Amino acid sequence: KYRKWQQRVRVQTSYERNIIQAMNELSRISSQLGIPKACVDEAMGVYEQVLTKGLVRGRSVEAIVAACLHMACRKIGMPRSLDEISQYTRASRKEVARCFRLIARELGVRLPLSDPKLYVPRIVEQLKLSGEILKEALNILEQAKRKGLTAGKDPAGLAAAAVYIASLLRGEVRTQKEVAMAAQVTEVTVRNRYKELARELNIKIPIK
Amino acid sequence: MANPTYRIENIVATVNLGIDLDLDKLAERLPAAEYNPEQFPGLILRLQRPKISALIFRTGKMVCTGAKSENELKRAVKELVRLLNEHGADVPLTPEIQVQNIVASGNLHAEVDIEKSALMLENSMYEPEQFPGLIYRMDDPKVVLLIFSSGKIVCTGAKKEQQVRDAVFKIHDVLRDIGALYEEEGGKEEEEL
DNA sequence: AGGTTACTTTTGAAAGC
DNA sequence: GCTTTAAAAAGTAACCT
């Protein structure tokens with residue numbers, strides 16, 4: 001009769017239990033960040049590989065899940081910073097970053113270089129700006145890249161500045177503060193990037 | 001095309017005095033000492049002259065940081081030994097000094113296309129969201145280099161100055177060979193060895 | 001807006017948690 | 001893994017005037 005009890009209790013293997021816990025953490029974090037399903041599925045796929053490789057041992061499922069989500073977002077082309085993701089986790093940004101590097105190395109994942117353009121859609125959407133602004137911002141970032149103005153700079157700050165400039169040029173003005181908040185950077189960063197881009201790309205901002 | 005230049009910024013070394021020390025007694029007698037065993041097991045001593053800091057342990061082992069040359073390091077150790085012996089300890093006058101790490105800043109005198117470098121160098125990592133420099137792990141000499149688009153670099157992990165020199169010249173050649181270096185628009189600058 | 005200070009990254013050792 | 005030391009690079013951030 002003991003075997004029967006054991007069979008009933010162990011309707012799940014430890015692997016399955018772990019996967020379910022990870023799915024719960026993942027959906028909780030993802031819903032709070034409004035991350036699309038395709039990205040969540042990708043993250044779960046990464047998590048399964050990580051679990052199968054035994055990389056979760058000794059680490060918190062939460063931190064690993066957060067790292068998988070960060071990786072999935074980048075794979076999908078909709079980057080979310082480690083700060084944003086770890087904010088909804090008990091793990092620190094540093095711990096999540098560690099897990100991310102471990103996973104990238106162990107799974108041999110070579111992610112594409114960060115691209116400021118990938119940050120534009122979210123900012124434009126959050127500020128309820130038009131597709132024209134989106135195009136203009138991408139244009140500005142392309143010019144910036146060609147002139148070597150993006151090296152070493154936070155892509156979110158560059159994208160924010162490009163959107164800010166585009167909004168000024170198209171008359172759909174948003175304040176530096178609004179753009180900064182949407183991009184999750186400070187006003188100072190938006191201002192610094194904006195000044196440099198406007199100066200180096202010879203962009204004339206209409207005085208209102 | 002100017003050769004790359006570098007400057008040693010910090011040397012980390014360990015010193016074994018070979019005798020156990022009474023840190024509580026030392027902490028009482030040395031006014032400048034900082035000692036909070038609950039927080040950290042070592043006693044912290046900061047020297048003014050050669051501006052270096054020392055972590056002194058119960059076992060008689062020390063860690064010295066902040067020296068910008070081996071000469072400065074030796075002078076600091078002499079001073080530390082003098083201080084310890086002046087305050088009740090009895091340590092050898094010329095203990096063994098082992099350099100554990102040398103940190104140097106440098107300049108390639110050319111702008112670097114770090115994105116191209118990140119794509120072409122296998123042992124590199126570049127995440128501008130986190131840090132503006134490209135992190136490159138060199139196998140020989142075994143050091144880590146932080147490379148910035150300005151051409152300024154940081155070399156860390158070397159135990160000999162020759163390794164710093166080799167690493168700096170080597171990374172310059174590597175970047176030049178993959179076509180990631182290009183001349184700066186501006187005129188000349190000033191830099192030291 | 002500007003200025004200052006401080007944190008991000010990397011490296012290494014020490015003794016103890 | 002953490003704690004503590006020092007140091008540079010360039011960027012971002014927090015706080016004060």
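We name chains A, B, ... by the order of the sequence lines, and we start the count at 1 in each one. Note that the structure is a prediction, hence the values are computed from the model and not measured.
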D/dA8 versus C/dA14 - spacing of their P atoms, nearest Å: 25 Å
Side-chain contact check for B/Phe40: nearest option of C/dA15, C/dA1, D/dC2 is C/dA15
Any salt bridge between B/Arg75 and B/Glu79, counting N to O under 4.0 Å? no
How long is the line joining CD of B/Glu129 and P of C/dT8, in whole Å? 16 Å
P spacing across the pair D/dA9 / C/dA1, given as an integer number of angstrom: 28 Å
Taking D/dA14 as the reference, what is the distance to C/dT9 when you measure between their P atoms (whole Å, please)? 16 Å
Distance check: side-chain N/O of B/Arg137 vs OP1/OP2 of C/dT11, anything under 4.0 Å? yes
How far, in whole Å, is D/dA7 from C/dG3 if one measures between their C1' atoms? 23 Å
5'-most contact on DNA chain D: B/Thr156 or A/Glu95, nearest heavy atom basis? A/Glu95
With respect to the phosphate group of D/dA13, does any side-chain polar atom (N or O) of A/Thr186 fall under 4.0 Å of OP1 or OP2? yes
Nearest to the side chain of B/Asn101, heavy atoms from C-beta on, is which of D/dT5, C/dT11, D/dG11? C/dT11
Do any of residues 52-64 of chain B sit with a heavy atom less than 4.0 Å from DNA chain D, and if so which? B/Ser53, B/Leu55
Side chain of B/Ile44 only, please: which of C/dG2, D/dT4, C/dA13 is the nearest? D/dT4
Taking the six-membered ring for Trp and the single ring otherwise, decide whether the centroids of B/Tyr6 and B/Phe169 are under 6.0 Å apart. no
